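Given the structure is predicted, the values throughout are model-derived calculations rather than measurements. Order of listing sets the numbers, starting from 1, for every ligand and every atom in it.
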Amino acid sequence: MQDPILIDLKAIRKSFRASDGKPRTVLEGVDFRLAEGEIVALLGKSGSGKSTLLRIIAGLIPAEGGSARYRERDIHGPQAGIAMVFQSFALFPWLTVQQNVELGLEAQGVAAAERAARADAMLELMGLAGFGGALPRELSGGMRQRVGIARALVTNPDVLLMDEAFSALDVLTGETLRTDILELWDKRAIPTKGILIVSHNIEEAVVMADRIIILSSDPGRIRTEVPITLARPRDADSREVRALIDEVYGLMTQRPVPAPQTSPVAPSFVDYRLPHTDVARIEGVLDLIAEPPFGGRADLPQMAEEAELADEELFPTYEALGMLGLAMVEGGDILLTPLGRHYAQGDHTLRQELFGQQLLTHVPLVARIRELLERESTGAMPASRITRLLEEHLETEEARRAFEIAVEWARYGEAFEYDYQTGRLTLPVDDEA
Ligand code: ADP
Ligand code: MG
């Protein structure tokens, strides 16, 4: 028999107005279910709409399309059975720890004596016994987040939502706290029936969840699901966990598959988006892969440590390396292609040449600009021709980014030049001679 469904989302859509007033779709066609007994982790790049989705479930903001239900009732406004823990603690600085924890109960109309007793018990469970009278600022970050979690758990929530709840803490503190929560859950010390965590930390997701959901960006859709059947507690250094981390890393760095064409006469899909990264980062990461200890093939989680870059900087860079044909992701590793190896050994001039050649053959936006410039007798044109074209294909902000990235890459690869003063694109000087 299927476990009862706690949260049921169907075809959720949500857009926000961007600064230019145009609506921007953040979530589109999101179907998701959380069943009793499950911990689910939601992963996705920054800006993919994870927090938005959680806030819809918490009833803090409405969806625009589709349906959001909690135990078969539509979600309208905050629900008594659903509690949320935020990244930024969100404690009231002028209230004591005890008062902060009692807040959620006050909202539910629980009498004072019961509030105090339940808050006491929860503070004890969270390792905060004796701190009820303290003010938040007197506590460490880890203890403050314990208060945030205590405040959510004191209401005996049926469903617990956690939005990057451990990411503001140092690694050790975060690990301790997540271990404590898993222990409460696995020993059934809390009545909570389902947990949904949002994270950008793949290890955290693999260690905690029964199922990982990966959200793609622009607009956010559910791209992949990875079930995890390993028993808890899980050792983050075990082979099984490392293999899963590798797998999820690999899935997150894949380019989303373009939507299938709906009619045979649809114009061919040209993807003008560019990964948000720059030449320095692309070459820096390529060099890291090439050098010892990796020597051309690197385990992705190990790269993350070695590169000292956030996933949000690394993933677009891997994507750029893939796009340029210099490296590819395969089974949780990133490895240089033969061209990538050649590139890594090259001097500055060779690198620039290869970069330019790959740009013109592999990056549609750069190739298009170059082609248009070559058709102009003057070898120049206003950039507005390109920005207009981009705005037809992409959201305003994405269009602006794509243009800036194309200019930076093209300058290095000597594919074209752009003058910010005059707003004109030109062929590089060398080519005209
Ligand atoms: P994530 O949590 O995955 O990083 P969010 O859900 O916070 O992503 O945001 C997704 C996108 O929606 C972002 O581009 C963000 O700027 C935009 N966004 C979120 N909330 C608002 C809002 N209240 N008004 C306008 N835009 C918003
Ligand atoms: Mg967020």
Indicate yes or no for a side-chain donor-acceptor contact from Glu313 to the backbone of Thr277 under 3.5 Å, with no hydrogens or angles considered. no
Under 4.0 Å from ligand 1, residues with heavy atoms, in chain and number order, are Phe16, Arg24, Val26, Lys45, Ser46, Gly47, Ser48, Gly49, Lys50, Ser51, Thr52
Ion pair Glu203/Arg178, N-O distance below 4.0 Å: yes
Run the ring-centre check on Phe416 versus Tyr418 and record whether the distance is less than 6.0 Å. no
Please determine whether the number of non-hydrogen atoms from other residues, nucleotides or ligands lying under 6.0 Å from atom CD of Glu72 exceeds 12. no
Less than 4.0 angstrom from a charged side-chain N to a carboxylate O is my criterion; do Asp74 and Arg69 meet it? yes
Under a 4.5 Å cut-off applied to non-hydrogen side-chain atoms, are Asn156 and Arg118 in contact? yes
Do Leu160 and Trp185 come close enough that some side-chain heavy atom pair is under 4.5 Å? no
Residue and atom names of protein N/O/S atoms that fall under 2.8 Å from the Mg ion (ligand 2): Ser51 OG
Between Glu397 and Arg24, does any side-chain N to carboxylate O distance fall below 4.0 Å? no
For Asp180, is there an ion pair with Arg146 - N to carboxylate O distance below 4.0 angstrom? yes
